[in-house]
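In what follows, a single structure is set out as structure tokens and then discussed.
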Amino acid sequence: MTQFNLILLGPPGAGKGTQAGRIVAEYGIPHISTGDILRAAVKNQTQMGLEAKKFMDAGELVPDSVVIGIVKDRLQEPDTAKGFLMDGFPRTIPQAEALDEVLDALDRGVTKTLVILVDEEDLVRRLTGRRICRSCQTPFHVMFNPPKNEGVCDVCGGELYQRDDDTEATVRNRLDVYRNQTEPLIDYYDRAGVVARIDGAQAPDVVYESIRAALGPAGA
Ligand code: ADP
Ligand code: AMP
């Protein structure tokens with residue numbers, strides 16, 4: 001059976017979380033978002049959360065050792081046997097190398113890296129208007145993807161909130177960090193021959209159709 005060991009790559013606001021919901025529903029693989037895991041740690045005031053918070057609030061990357069540890073632990077869970085969808089990881093070359101090592105040891109490799117591309121000014125508009133569900137983390141947008149009832153999640157009825165790091169100044173820094181530290185990963189995965197470039201400027205359903213075309217059928 002085809003393995004779906006997938007990575008969603010792209011700048012903050014490209015639509016990774018939005019597309020992740022659709023991909024995991026169709027392909028039956030777990031969604032592993034290091035951002036969601038870190039935000040849960042911040043909320044629960046764990047040691048890791050306390051350490052990570054200052055980096056996240058500034059729009060900087062949390063140290064590699066912390067996020068690599070999170071992903072290594074998560075990949076031990078049995079639900080990842082059939083595949084996984086990484087969202088927001090890897091973000092640096094050392095993180096990508098660490099992921100390759102873990103997968104090598106399991107006799108697995110990255111099947112596809114979906115790179116979602118969107119212009120920078122659109123990203124700023126998307127991020128500053130983003131609202132997230134406190135319960136299921138589904139993203140909405142006040143203009144581009146509004147919930148049916150203001151402030152309430154369409155999926156689970158949870159409360160919507162604005163992330164602390166979705167302010168314009170922090171967003172601009174996150175985009176710089178992406179360009180300097182994460183964009184080089186496109187070349188890294190190009191060398192492995194696993195990249196599919198996806199035009200993320202289209203409506204979410206259209207973007208998803210490009211993703212499906214790149215991945216092929218779920219049951220193959
Ligand atoms: P990421 O996970 O890559 O940071 P999100 O999926 O959270 O991005 O999307 C960022 C914001 O842009 C959200 O407010 C979301 O509702 C909105 N958005 C996502 N995809 C699109 C799209 N194709 N067109 C317009 N807005 C979108
Ligand atoms: P995200 O939800 O993917 O936008 O991530 C939010 C924030 O969490 C980032 O700005 C980083 O501070 C931190 N973060 C998430 N994933 C990683 C990662 N793979 N490496 C380093 N920091 C991360």
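Numbers here simply count residues along the sequence, with the first being 1. Counting starts at 1 for both ligands and their atoms, in listed order.
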- Under-4.0 Å heavy-atom contact with ligand 2, by part of Q137 that carries it: neither

- Message: With side-chain contact (heavy atoms from CB on, under 4.5 Å) as the test, pick out the partner of L9 among L117, I116, L185.
- Response: L185

- Query: Of the choices Q181, M56, K53, R39, which has the non-hydrogen atom that lies closest to atom 8 (O) of ligand 2?
  - Reply: M56

- So do P147 and D154 actually touch side chain to side chain, heavy atoms under 4.5 Å? yes

- Query: In terms of residue, atom name and distance, what is the protein heavy atom nearest to atom 4 (O) of ligand 2?
  - Reply: R163 NH2, 3.0 Å

- Item | Every residue of the protein that comes under 4.0 Å of ligand 1, judged on heavy atoms | P11, P12, G13, A14, G15, K16, G17, T18, R126, R130, P139, F140, H141, F144, N145, G200, Q202, A203, P204

- Do R172 and E121 sit within salt-bridge range, that is, some charged N less than 4.0 Å from a carboxylate O? yes

- Message: Run the side-chain contact (heavy atoms from CB on, under 4.5 Å) test against R131 and tell me which residues pass, sequence neighbours left out.
- Response: V142, L160, Q162

- Is the closest basic N to carboxylate O distance between R174 and D166 below 4.0 Å? yes

- Message: Among R174, M86, R91, which one puts a heavy atom closest to atom 1 (P) of ligand 2?
- Response: R91

- Which of these, L38, D87, T34, has its nearest heavy atom closest to atom 14 (N) of ligand 2? L38

- Considering only NZ, NE, NH1 and NH2 on the basic side and carboxylate oxygens on the acidic side, decide whether R39 and D164 come within less than 4.0 Å. no

- Using heavy-atom distances, let me know which of S33, G17, G88, A52 sits nearest atom 19 (N) of ligand 2. G88

- heavy-atom search around atom 22 (N) of ligand 2 in the protein gives V62 N, 3.0 Å

- Taking atom 10 (O) of ligand 2 as the point of reference, which of Q95, E60, R130 owns the nearest heavy atom? E60

- What about F4 and L85, same hydrophobic cluster or not, with Ile/Leu/Val/Met/Phe/Trp/Tyr joined at side-chain heavy-atom distances under 4.5 Å? yes

- Message: Under a 4.0 Å threshold between the charged nitrogen and the carboxylate oxygen, would K53 count as salt-bridged to D57?
- Response: yes

- Given side chains that start at C-beta, do those of V155 and C133 come closer than 4.5 Å, heavy atoms only? no

- Note on the structure: Short version for L61: what comes under 4.0 Å of ligand 2, heavy atoms counted, is both

- For the pair R212 and E209, find out whether any cationic side-chain nitrogen is under 4.0 Å from an anionic carboxylate oxygen. yes

